[in-house]
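We number each residue from 1, following the sequence as shown.
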Amino acid sequence: MASESTMTEALRTGDLIRHGRTSLGMTQAELAHFLAQRSSVFTGVDTVTISRWEASRVYPSTKRLIAFAKILYPQHTRTTLKHMIKDRPRGSQACPISKVNTYTHHPYLIGEENRALICSTSINRLISGASRCVDPFYQALQNAESSDNRDHDFKLMVTDPSTDEVFGHLVASTIQLAHPEQSSYRGIIISSMYAGSNTIFEFLLSQFFRFAVQQDVDAFYFIACDQQQRSFAKRLGMTGARLSLPQDVEFFIKYRDAEVFVGSYYDVLAHPDFSGLFASDIPGYPMQQEEEARAERQSEEVAKTG
């Protein structure tokens with residue numbers, strides 16, 4: 001297939017479901033059984049439901065759209081999900097994310113639109129720079145002894161290249177967790193989130209959800225360090241949780257009087273305040289060209305010496 005990601009943009013949601021089914025060589029009954037085996041959000045779905053979805057007589061819920069994209073289009077999840085949500089009958093929804101940004105503005109964030117902000121995923125640069133702006137959970141999770149249980153990490157900071165001032169940062173890890181009620185529980189820990197303005201807050205969350213939708217997890221865990229973060233977690237429908245976390249992370253939880261919140265994977269992603277992120281194209285901040293050029297030079301030097 002020449003370009004499946006381009007093709008998905010030309011199809012409506014019902015057509016995408018039908019195309020995904022026929023690509024698997026399944027009947028509608030077989031697809032209903034196939035989906036129910038892979039996600040509990042499809043419990044109760046039968047041949048009639050699939051037929052109505054494909055004919056666009058009924059529109060799936062946001063939770064099911066997310067699951068459809070992950071199951072039927074694993075290589076193009078982001079593109080497919082974005083198109084499905086834009087295609088919803090009531091039209092594309094603007095993301096009202098700013099109304100949940102309860103974080104205080106960065107005290108030195110003045111004239112953000114006039115600054116040449118850059119993004120970096122370098123944890124060393126982050127914790128060695130303006131450390132007074134950096135949450136200790138960054139370093140704690142980075143140095144966690146149970147790193148063998150982590151499959152993927154997502155680390156991102158937004159900073160001013162002229163001052164190294166940190167305007168926003170976010171870190172998340174996909175990890176196997178010990179849970180009181182289950183022997184093993186797979187989830188994403190959001191260990192730190194800070195944003196100096198609505199623009200940065202929206203950007204960080206949009207990038208996080210691009211990461212999160214590609215992960216095969218059961219739940220989200222959010223370590224809330226203050227009342228603002230607790231309110232944020234509760235707004236997402238998350239509740240308090242007890243987990244067995246790495247020792248140094250546990251230390252900071254006690255030291256900061258923090259609290260761990262948990263939320264269902266699909267409930268959090270499908271929250272009405274955030275589902276608009278999938279259908280929006282929030283522009284990214286430019287990457288720092290000097291860092292990229294330096295990394296390229298280092299690679300060339302290693303290749304020459306090797």
Between [X] and [Y] (side chain of the first, backbone of the second, donor and acceptor by atom type, cut-off under 3.5 Å), is there such a pair?
X      : Y      : result
Thr80  : His76  : yes
Arg57  : Trp53  : no
Asp153 : Ser173 : no

Is the closest side-chain heavy-atom distance between [X] and [Y] below 4.5 Å?
X      : Y      : result
Phe261 : Gln229 : no
Asp46  : Ile50  : no
Tyr59  : Leu65  : yes
Phe42  : Phe68  : yes
Pro60  : Thr49  : no
Val158 : His169 : no

Among all residues two or more places apart in sequence or in another chain, which pass the ring pair (Phe, Tyr, Trp, His ring centres under 6.0 Å) test with Phe208?
Phe220
Checking His83 against Tyr73: is there a side-chain donor and acceptor pair closer than 3.5 Å?
no
Look at atom CD of Gln75 and say whether more than 12 heavy atoms of other residues, nucleotides or ligands are closer to it than 6.0 Å.
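Result for CD/Gln75: open.
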Are Ile71 and Leu24 linked, directly or through intermediate hydrophobic residues, by side-chain heavy-atom contacts shorter than 4.5 Å (ILVMFWY only)?
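Yes, because Leu24 and Ile71 connect within a single hydrophobic cluster, where side-chain heavy atoms sit under 4.5 Å apart.
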With hydrophobic residues grouped by side-chain heavy-atom distances under 4.5 Å, do Met26 and Val48 end up in a single group?
no
In plain terms, say whether [X] and [Y] are close enough for a salt bridge, that is, a side-chain N and a carboxylate O under 4.0 Å apart.
X      : Y      : result
Arg186 : Asp218 : no
Arg18  : Asp15  : yes
Arg21  : Glu54  : yes

Residues that Thr77 engages under side chain to side chain contact (heavy atoms under 4.5 Å, CB included), provided they are two or more places apart
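Once residues adjacent in sequence are excluded, the partners of Thr77 under the side chain to side chain contact (heavy atoms under 4.5 Å, CB included) criterion are Ala69, Lys70, Val213, Gln214.
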At what distance, to the nearest 0.5 angstrom, does NE2 of His33 lie from CD of Glu30?
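With rounding to 0.5 Å, NE2 (His33) is 9.5 Å from CD (Glu30).
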